[in-house]
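Written out below as structure tokens is the structure these notes cover.
Here the structure is a predicted model, which is why all the values come from computation and not from measurement. The sequence lines fix the lettering, A, B, ..., with proteins before strands; numbering per chain opens at 1.
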2 protein chains.
Amino acid sequence: MLRVSKLADYAVVVLVKLAADTDCLDCAVQTSPSLACSTGVPEPTVAKVLKALSVAGLVLSQRGARGGYRLQRKLEDISIAEVIAAIDGPIALTACVDGASGCDVRGLCAVHGRWDLVNDAIRNALTGITLADMREAGTPVFLRTLTPAE
Amino acid sequence: MLRVSKLADYAVVVLVKLAADTDCLDCAVQTSPSLACSTGVPEPTVAKVLKALSVAGLVLSQRGARGGYRLQRKLEDISIAEVIAAIDGPIALTACVDGASGCDVRGLCAVHGRWDLVNDAIRNALTGITLADMREAGTPVFLRTLTPAE
DNA sequence: TGAAACTGGACCGCTTGGGTCCGGTTAACC
DNA sequence: GGTTAACCGGACCCAAGCGGTCCAGTTTCA
């Protein structure tokens with residue numbers, strides 16, 4: 001299904017939320033419990049996401065009392081590709097990308113190493129979209145008549 | 001990891017192989033056992049892939065003795081997006097795409113409905129690549145300047 | 001010194017993809 | 001007309017990975 005993990009989805013939500021309340025980067029930090037509350041994502045999950053974003057250099061963490069997280073860069077400077085890579089690892093569609101690991105039928109494979117083409121296309125597409133683009137839809141907080149269509 | 005399923009990977013391999021031996025569409029069909037042999041993919045798996053490709057209209061199946069499969073269109077007319085959609089279902093990165101099903105925190109979600117942007121970008125990227133492009137790898141053609149965007 | 005918050009790791013259940021198997025149906029061939 | 005070869009359409013099982021949780025440790029502020 002070519003899906004992105006839920007964690008990556010949460011990461012985008014959390015990052016946008018993180019920017020929404022602290023439009024200046026040096027303002028007060030936000031804690032993971034508060035982010036969990038404002039996003040509706042369970043707190044331990046938020047913590048896990050923030051941790052991954054921290055090691056990836058997308059957010060800054062501040063330990064101790066009055067600690068928390070804040071954005072390290074502006075939303076405009078963070079691409080979706082970076083977020084996905086931070087959470088789910090490098091963007092690689094198949095196992096046999098650049099011959100990394102055991103493609104046991106490589107000798108027979110008619111498209112060996114050609115997924116790189118697809119990978120690059122996807123990567124370029126994701127790099128071209130920033131978190132700021134994602135936020136645009138969210139700002140009208142009365143978001144589109146919540147039709148619980150089911 | 002934004003991965004594509006192995007089945008979709010196999011599908012591409014099988015389709016390219018299917019075209020390699022029958023460059024004219026009306027030639028003899030190929031059976032799933034023979035495709036399994038020439039691609040190295042287990043036969044039941046090949047059969048499953050071919051079945052899915054058949055219902056998607058990418059290959060034609062011929063039942064009975066001397067039956068088998070053949071391409072319904074040329075490789076140049078089949079995009080990677082179609083193959084992935086045939087195997088893994090519609091290309092949708094997250095569950096909440098176009099509000100399909102239960103995003104239980106939709107009211108809080110700051111990027112509600114914005115993944116469509118990413119989905120479209122991915123879909124366009126995948127639609128622009130055909131199976132013929134994938135096949136080119138068989139010959140040592142360095143037809144691109146594959147600049148990894150990172 | 002205690003409380004608040006991040007850090008790092010382990011852990012677990014569930015979903016889902018990958019793979020297999022079997023009976024049924026169709027069509028060519030003898 | 002019977003046999004055989006191949007697809008068809010399920011059901012089924014196993015393992016890996018993901019989502020989610022928990023806990024002990026560390027850091028910092030009041």
Flag side-chain contact, heavy atom, 4.5 Å: B/Leu75 against B/Met134: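 No; the side chains remain at least 4.5 Å from each other.
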Sugar-phosphate only, base, or nothing, as touched by B/Leu7 at under 4.0 Å among non-hydrogen atoms: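 Since only primed, P, OP1 and OP2 atoms lie under 4.0 Å of B/Leu7, the category is sugar-phosphate.
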Touch class at under 4.0 angstrom, heavy-atom based, for B/Pro42 against every strand present: sugar-phosphate
Does [N] have OP1 or OP2 sitting under 4.0 Å from an N or O in the side chain of [X]?
X	N	result
B/Tyr69	D/dA6	no
B/Arg66	C/dC29	yes
B/Ser32	D/dA6	no
B/Ser61	D/dA6	no
B/Thr31	D/dC7	no
B/Tyr10	C/dG18	no

Integer-rounded Å distance: C/dG19 P and B/Asp9 CG: 11 Å
Length of the line joining B/Leu50:CG and D/dC7:C1', which is rounded to integer Å: 10 Å
Expected output: side-chain B/Asp133 to main-chain B/Thr130 donor-acceptor under 3.5 Å: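 Between the backbone of B/Thr130 and the side chain of B/Asp133 there is a qualifying donor-acceptor contact (under 3.5 Å).
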